[in-house]
Protein chains: 2
Amino acid sequence: MAEKASGGVQSVERAFELLELITNAGGEVTLSELSSFTSLPLPTIHRLLRTLVSLGYVRQLANRRYSLGPRLIRLGEVANKQLGSLARPHLKNLVETLGESANMAVLDSEMVVYIAQVPSPHSMRMFTEVGRRAHTHDTGVGKAILAQLEDDTVRDIVTRAGMPTPTEMSIGNISDLMLELKRIRERGYSIDEQEQEIGVRCFAMAVPDAPTPMAISVSGPVSRVDEAFAERAVPLLQSAAEQISAQLNAAAAS
Amino acid sequence: MAEKASGGVQSVERAFELLELITNAGGEVTLSELSSFTSLPLPTIHRLLRTLVSLGYVRQLANRRYSLGPRLIRLGEVANKQLGSLARPHLKNLVETLGESANMAVLDSEMVVYIAQVPSPHSMRMFTEVGRRAHTHDTGVGKAILAQLEDDTVRDIVTRAGMPTPTEMSIGNISDLMLELKRIRERGYSIDEQEQEIGVRCFAMAVPDAPTPMAISVSGPVSRVDEAFAERAVPLLQSAAEQISAQLNAAAAS
DNA sequence: CGGTCAGTTTCCGTATTATGGATATTATTA
DNA sequence: TAATAATATCCATAATACGGAAACTGACCG
């Protein structure tokens with residue numbers, strides 16, 4: 001009937017769609033807001049929510065609004081650990097060799113989420129926190145991920161997320177971004193040249209063949225993270241990305 | 001046909017059951033393991049998993065095992081923040097005044113989950129991590145929550161979760177627990193008297209009228225957390241619990 | 001190196017299950 | 001208190017998910 005015969009179980013797809021909508025709406029929604037976002041009929045939404053509430057994945061507030069339930073916390077924690085613990089040794093290795101903070105992030109619909117971070121030993125360092133969401137067009141990891149996607153997908157992502165320009169170095173329109181992605185594809189890695197914060201430079205590389213688009217990066221103050229740093233960092237980034245990729249696609253121990 | 005006409009959408013319930021099973025199995029399972037846990041037929045499990053994989057909530061490893069997908073991370077983070085960010089200022093306040101670690105936990109079916117934690121400034125302190133699950137009968141927050149529930153519900157919860165006794169102070173049977181809950185109801189707060197770990201005492205109080213049963217606590221070594229401490233702590237706990245309750249039940253801003 | 005087997009995936013007819021229009025109920029506003 | 005808008009429930013319908021059976025894949029062993 002619809003436009004997509006994906007073969008998936010529709011009620012499950014719809015239930016998760018609702019969860020995502022609640023999340024995107026800032027974690028708290030009314031039933032009718034949901035109905036205006038989805039084009040699903042109200043009774044259907046209500047029934048799915050009822051199910052989710054009874055399971056504890058959604059909770060209903062006193063004002064009858066719906067928000068995410070506590071049961072999701074654990075799923076998220078475990079999922080996080082799952083990927084993060086796999087990546088952390090590699091990031092740690094980068095930090096030990098290069099002396100700057102290393103991060104890993106995944107694409108989550110139209111934003112990137114940091115899922116692992118190893119801080120640099122320097123006192124002056126980045127304060128990237130695990131779980132934080134960031135735009136794709138103004139971060140090293142974001143651009144590295146975008147460079148792996150189809151142009152149409154990229155356009156869709158930045159259109160949905162918007163293109164704020166936190167600094168005067170940030171890329172503010174799609175055509176500039178496309179040019180930049182072209183350079184990244186040729187070069188094999190991305191540079192965040194003070195695009196998110198003045199004084200901070202970052203080198204990032206996508207993890208190839210990942211089940212979800214993801215990238216790793218090293219970042220620090222421009223004074224330390226310069227051309228010479230890049231020469232040391234890029235091969236290490238590449239090797240780490242490849243190792244993570246291999247582990248992701250490899251058989252795991254029993 | 002089955003035993004439960006819960007009125008919920010079955011495929012959704014089953015999908016989440018699978019997610020929980022993967023989580024409980026440590027985050028990585030084979031299809032047939034799942035089938036042995038659930039009594040669902042293999043094709044059904046497979047179809048649900050396929051749906052979850054295509055949505056990004058489950059990922060399939062190269063060894064054909066299934067594990068939790070990155071998309072869950074964000075849902076968990078937001079759900080966490082939802083409750084935690086509301087509570088954190090109050091916990092921080094407790095820590096500043098009392099000098100001991102403060103926690104908040106919610107009931108999640110038959111266990112409690114810690115959703116916010118502010119560590120004490122002391123070097124010797126608890127290592128309660130956000131997202132951790134614990135039993136109800138041997139923790140301060142757990143007992144505070146149980147004391148708010150019907151006796152039948154309590155019985156059901158501890159039956160499902162079991163009653164392990166991590167220390168010789170732990171409560172090991174239901175009748176003792178019921179007596180303890182009676183004392184807690186009269187007193188208005190619960191005490192974890194080295195029931196989870198020798199040397200650790202904890203005072204906890206339920207958050208009244210919460211949409212989900214929840215409680216806050218302060219905990220520390222018995223040497224510091226004594227009778228005199230309790231006299232200072234209890235009124236503060238009460239006030240914090242009431243403030244959190246008020247916020248939970250207030251209408252949210254547009 | 002070929003054969004066997006357990007585990008995984010796909011197929012497809014069936015009927016159980018989710019669906020959503022219509023309606024009742026409950027909050028909210030005037 | 002009445003009117004209005006939101007939320008929740010009912011129930012006949014058929015579309016949807018279901019699961020038995022069969023095909024496929026990779027692993028292990030002879």
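Convention: sequence-line order gives letters A, B, ...; per-chain numbering from 1. Computed over heavy atoms, backbone and side chain alike; hydrogens, waters and symmetry mates excluded.
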Figure out the CG/P separation between A:Leu52 and C:dA18, and round it to whole Å. 13 Å
Describe the nucleic acid contact of B:Pro41 in one word from base, sugar-phosphate, nothing, applying a heavy-atom distance below 4.0 Å. sugar-phosphate
Do side-chain atoms of B:Thr23 reach the backbone of A:Leu75 as a donor and acceptor pair under 3.5 angstrom? no
Could you tell me the separation between the CZ atom of B:Arg47 and the P atom of D:dC18, rounded to a whole number of Å? 5 Å
For residues A:Phe16 and B:Phe16, establish whether the separation of their ring centroids is below 6.0 Å. yes
Tell me which nucleotide among D:dA8, D:dA21, C:dG21 gets nearest to the side chain of A:Arg64. D:dA8
Within the 4.0 Å heavy-atom criterion, would you say A:Leu40 contacts the bases, only the backbone, or no part of the nucleic acid? nothing
Rounding to an integer number of Å, can you tell me how far A:Glu33 CD sits from D:dA5 P? 17 Å
With side chains defined as the heavy atoms from C-beta onward, is the minimum distance between B:Ile244 and B:Leu86 less than 4.5 Å? yes
Which nucleotide in C:dT9, D:dT16, C:dT17 has an atom nearest any side-chain atom of B:Leu42: C:dT9
Figure out the CG/C1' separation between A:Leu49 and D:dT7, and round it to whole Å. 11 Å
What is the separation between atom CD on B:Gln10 and atom C1' on C:dA18, rounded to the nearest whole Å? 9 Å
Would you please test A:Arg155 and A:Glu150 for salt bridge (Lys or Arg N to Asp or Glu O under 4.0 Å) and show each step? CA-CA 9 Å; A:Arg155 250 181 283 271; A:Glu150 303 287 334; over 6 Å; no
A:Ser32, nearest nucleotide to its side chain (from D:dA8, D:dA6, C:dT17): D:dA6
A:His46 atom NE2 is separated from C:dA24 atom C1', nearest whole Å, by 13 Å
Quick check on DNA chain D: between A:Tyr66 and A:Ser11, whose nearest nucleotide comes earlier from the 5' end? A:Tyr66
For a quick check of understanding: with a heavy-atom distance under 4.0 Å over all strands, which category does B:Leu31 fall into, base, sugar-phosphate or nothing? base
Among D:dC18, C:dG20, C:dT8, which is the nearest nucleotide to the side chain of A:Arg14? C:dG20
Contact between A:Val106 and A:Val112 at the side-chain level, heavy atoms closer than 4.5 Å - yes or no? no
Between atom CD in B:Glu13 and atom P in C:dA18, what is the gap in whole Å? 8 Å
Which one, C:dT10, C:dA18, C:dG21, comes nearest to the side chain of B:Val9? C:dA18
With sugar-phosphate meaning primed atoms plus P, OP1 and OP2, does B:Thr44 contact a base, only sugar-phosphate, or nothing at under 4.0 Å between heavy atoms? base
B:Gln60 has an atom CD; how far is it from atom P of C:dG7, in whole Å? 16 Å
